[in-house]
Amino acid sequence: MKEKKRYTITAALPYANGPLHLGHLAGAYLPADIFVRYLKAKGNDVAFICGSDEHGAAITLRAKKEGCTPQEIVDKNHEIIKKSFSNFGIDFDIYHRTSSKLHHETASDFFKNLYEKGSFTQETTEQFFDQEHQQFLADRYVTGTCPKCNSAGAYGDQCEKCGSSLSPTDLINPISTLSGKTPVLKETTHWFLPMNKHEKWLKTWIETGVLDGKQQHNPSEWRKQVIGQCKSWIDNGLQPRSITRDLDWGVKVPVDGADGKVLYVWFDAPIGYISATKQWAADNGKNWEDYWKDNNTQLIHFIGKDNIVFHGIIFPIILKEHGDFILPTNVPANEFLNLEGDKISTSRNWAVWLHEYLEDFPNKQDELRYVLTSIAPETKDSEFTWKDFQARVNNELVAIFGNFVNRSLVLTHKYFEGKVPSQGTLTEYDKEVLSSITSTQHKVYELIATYRFRDAQTEAMTLARLGNKYLADTEPWKLIKTDEERVKTILNISLQLCNALSIIFEPFLPYTSKKLKGFLNSNASELNSGHQLNQPELLFEKIEDEAIEAQIEKLKKISSPAPSKGGETTFPLGRVGDGTNPKAKPMKDEITFDDFIKMDIRVATILAAEKHPDADKLLKLTVDTGIDVRTVVSGIAEHYKPEDVVGKQVSMLVNLAPRKIRGIESKGMILMAENNEGSLAFISPEKAMDNGGEVR
RNA sequence: GGCGAGGUAGCUCAGUUGGUUAGAGCGUCGGAUUCAUAACCCGAAGGUCACGAGUUCAACUCUCGUCCUCGCUACCA
C-alpha cells in the first residue's frame, strides 16, 4: 500500500457523565496521542479529533437527580474531562462537544440525507409512556427489577448491577422515574437502520479489506479481537437497530411528525467526529472534506473494546450509506485495564481518577503515561498495580533514563563548564553508538506505525540503556586524568544520545522531552560543539513507598463500605444521604398495609438442588413450603453450589404467579439479600421454624 | 449454552508465514564499579510454552477435545 500523507485520527468521545480514569487513558487516548505525535513528527498532515459525548438519557437522569439542567451537567463534565486531557498532554487538535450547534446541524443533515435516500425503515412499536407527564419514556427513564439478577433499580437499557443489557419491557415492575408511577405501553414510531442489508459488503470489507472492489486496507494490520468480534456479529446475522428515541435531550429528528424524538446517542456520537473536524477546519482555514472524503486520507479510530461494533460495523454502514465518506483504515481497539486484581468499576469506585492522580502526584503525568504504555492492554486485558507503577518509575525512568541524562550532564558541567565538547577521532564503538541513534528511531517509529506502542517505548528505553553502558565501558571519570581529548568525544556522544532521547521519547513523554530539551538548551536534531547547556535538575524523582501505600489504602477505603464505629449508639435519621450505606438504593414509593399482605411469604426448606440443564446462572430447587413440595428456579447458581443450599431454611414468596424459566416451571421466588458488590445471601430464620410459617 | 479473544519464566508481557539450545524488562542471586537519585554495568539461575490427543522429518506456532480467564449473548418471578 502506498504511503499516505493525510490522517484523521479520532479517539472515542468520552461520555460527559463523569470524570476519566486510568482505563480510559490507557485504552484509547494515550495510544492515540502517541500515534499522532509520531505522525506529526514525521511531518504528516493530521487532524486529531475528540470531544465530549453529551447526549443521552443517562445525562438527563443525572440532571434530574442533581436538580439541574442537562446542559449544566455536560458543561461541568466537559470542562473536567477537557482539563484532564490537557493535563496529561493528550494534544487534540480540537476537543469539541456534541451539544454544539454545529454538531446538531451536522448530525441532523446526516440523518436527513439517509432518510431521503430511504436508508431507514420506520417501525411502530409499543413503548412505555408516562401518563402523568404525557411523554414517552426513554429506556433510562424506566427502572424496575432486573429480570436477570433480580436486583431493584435496573434501568430500561441496562442493569448496572449485573451489566446485562435490557429492553424496558423486560423489567419486572417497571416504574417511571418521572412520576414514580407505573407507565403504560403506547404505540410510537421510530426509525431503524436495517443493518442486515449491509452484511455482504461488510463481511468482505472486514475479512479482506476490499471495498467496492478496491483494496481499502490490509486486514492483517487489524487486531485480532477487532476482526473477531465484527465477524462474530456479522456471522450471527445483523439486526435492524433503532436510531431514534423519545427524549427531549439530543439532536432533534429532522422529520415532520417527529416531535419529542431525538437521534439515539450512538448514531449521533460518531458523527461528532465529523462535526468536530468541521469546527477545527473552520478555525484553522482548512477544508474538512479533505479529512473525510479523500481516498488518500487515512481514518483511524482509537477506542476501547466495548466500542468495536460501533466503529467496525455501525458507523461504517452509516458512512457508506451516506456516500462520499471514507471508511476507517484501522480501528486499533485496546482491551481492558484491570486495577489491583479487579476490573475497574466506577459504580464501586474501584478506579484511579485522573484528576485525583494529579493531586497526589503533581507534575507526574509522564510517569503515568510511561507506565500505562508499558502495560497497555494491546492484545489482552492487563493489570495496573501501584507497586508495579512504583517499580517501573524507579527502576526504569529514574534509574535508566533519568540517571543516564544526569550522568552525562553532570560530567559535562564538571569537566567542561557545561559546554558541549567537540568530537575527536571516533572509535568503532563510538560509531556504533552514534548509528544506534538512527536505528533506534527507525525501530521506534516502525513499531508505532504498526500500533505496537508498548514495544516501541521499550525500544526507546534501550537507547538510554545503551547510554549507561557506553559510559560504564568508556569510564570518562577515569580517563579525565590521562586523556582529556578522549573524554571530550565520549561526552559529546553521550550528549548526542541525550538529545536523541529527547526527540525519540517525545510521543511517549512529552513533558519530559520538553524538560530535557530545556536542560540541553536545544531543539535541534544534533548538538554542536561549544553549545552551552543549562544547569540540569533531576529528570524524574523516585516514588517513595509511603506514597504507594497511601494510594492502595485510599483505593481500599473508598471502595468498601465504611466500618461502623464501636461505641456509637445513635445514628442521624431521616435525611437523604445520611444513611450508613451511601450506595443503598433509595426507598421505593410508599405502599399500604393491604398492598403488603397480598404477598404470601413463608418459611420453606430446600430439599434438593441441581443445576438448571440449560442455563449457567440458574438452580432448580425443590422446596418444602409446608403447604406443598414444589419446584422453584432461582438465579443463584453463581453464588451457591447445589450441595451448599440443600437443607437450608429460607424465606419464600409462595403466591407469585408461576412462570416457565428456561423451560422449567417455577412456582414462587426465594428471597435474597444483596450487598453493594452484588453478592447474595438467603433470608433465613434465625432459629429453626416450621415450614409454611408466615413471614410478616 | 452460543460466539469472540486469551492462557508462555516469581511479575508484566513479546513470539511474525511450523525448523537448530523459547525471548525482553522488572524481580532474585553472584560479580564489577563509583561520574550518577545505593543509581549504572557484567554474568547466572529460573519455563514439561494450561492439559490431552492428532497431522508432520519437525509444533508455543496447524487440527480436534478438555479445563480456566475476559468480553458479547441467552436463562435469574
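All chains are named by letter (A, B, ...) in the order of the sequence lines, taking the proteins before the strands, and each is independently numbered beginning at 1. A quick note: this is a predicted structure, and the numbers were derived from the prediction, not measured.
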Has A:Lys224 got a side-chain N or O lying under 4.0 Å from the OP1 or OP2 atom of B:G6?
yes
For A:Asp381, what residues pass the salt bridge (Lys or Arg N to Asp or Glu O under 4.0 Å) criterion, not counting sequence neighbours?
A:Lys305
For the ring pair A:Phe361 and A:Trp386, is the centre-to-centre distance below 6.0 Å?
yes
When rounded to whole Å, the CG to C1' distance for the pair A:Leu539 and B:C40 reads 16 Å
Using a cut-off of 4.0 Å on non-hydrogen atoms, how would the nucleic acid contact of A:Lys305 be classed: base, sugar-phosphate, or nothing?
sugar-phosphate
B:U37 phosphate, OP1 or OP2: any side-chain N/O from A:Asn394 under 4.0 angstrom?
no
For A:Tyr429 and A:Tyr470: C-alpha separation, side-chain torsions, deciding distance, then whether ring-ring contact (aromatic ring centres under 6.0 Å, His included) applies.
CA-CA 9 Å; A:Tyr429 190 20; A:Tyr470 180 69; 5.3 Å; yes
Check this one for me: any side-chain N or O of A:Lys343 less than 4.0 Å away from OP1 or OP2 of B:G71?
yes
Rounding to a whole Å, what distance do you find between A:Ile227:CD1 and B:G4:C1'?
12 Å
Base, sugar-phosphate alone, or nothing: which one does A:Glu396 contact when heavy atoms must sit under 4.0 Å apart?
sugar-phosphate
Could you run down the sub-3.5 Å N/O contacts of the protein with nucleotides 8-12 of chain B?
unit_1: B:U12; atom_1: O2'; unit_2: A:Arg392; atom_2: NH2; d: 3.4

In plain terms, say whether A:Lys488 and A:Glu485 are close enough for a salt bridge, that is, a side-chain N and a carboxylate O under 4.0 Å apart.
yes
Stems in RNA chain B, runs of 3 or more consecutive Watson-Crick or G-U wobble pairs with both distances under 3.5 Å, sorted by first number, are B:1-7 with B:67-73, B:10-13 with B:23-26, B:28-31 with B:41-44, B:50-54 with B:62-66
Using a strict threshold of under 4.0 Å (side-chain N to carboxylate O), is an ion pair present between A:Asp455 and A:Arg452?
yes
Rounded to whole angstroms, how far apart are CG on A:Asn403 and P on B:C40?
7 Å
Hey, does the side chain of A:Arg465 come within less than 4.0 Å of B:A39's phosphate (OP1/OP2), counting only N and O?
no
A:Phe401 CZ to B:U37 C1', straight-line distance once rounded to whole Å:
15 Å
Would you mind telling me which residue lines up with the more 5' stretch of RNA chain B, A:Lys469 or A:Leu397, judged by nearest nucleotide?
A:Leu397
Are A:Phe401 and A:Tyr370, when compared by the centres of their aromatic rings, separated by less than 6.0 Å?
no
Have a look at A:Phe540 and say if it touches a base, only the backbone sugar-phosphate, or nothing, with a 4.0 Å heavy-atom cut-off.
base
Got a salt bridge between A:Lys203 and A:Glu199, using NZ or NE/NH1/NH2 to carboxylate O under 4.0 Å?
no
Answer with base, sugar-phosphate or nothing: what part of the nucleic acid does A:Val632 contact at a heavy-atom distance below 4.0 Å?
nothing
Determine the contact category for A:Lys414: base if any of its heavy atoms lies under 4.0 Å from a base atom, sugar-phosphate if only primed atoms, P, OP1 or OP2 are that close, otherwise nothing.
sugar-phosphate
Look at all strands and tell whether A:Lys478 reaches a base, only sugar-phosphate, or nothing, counting heavy atoms closer than 4.0 Å.
sugar-phosphate
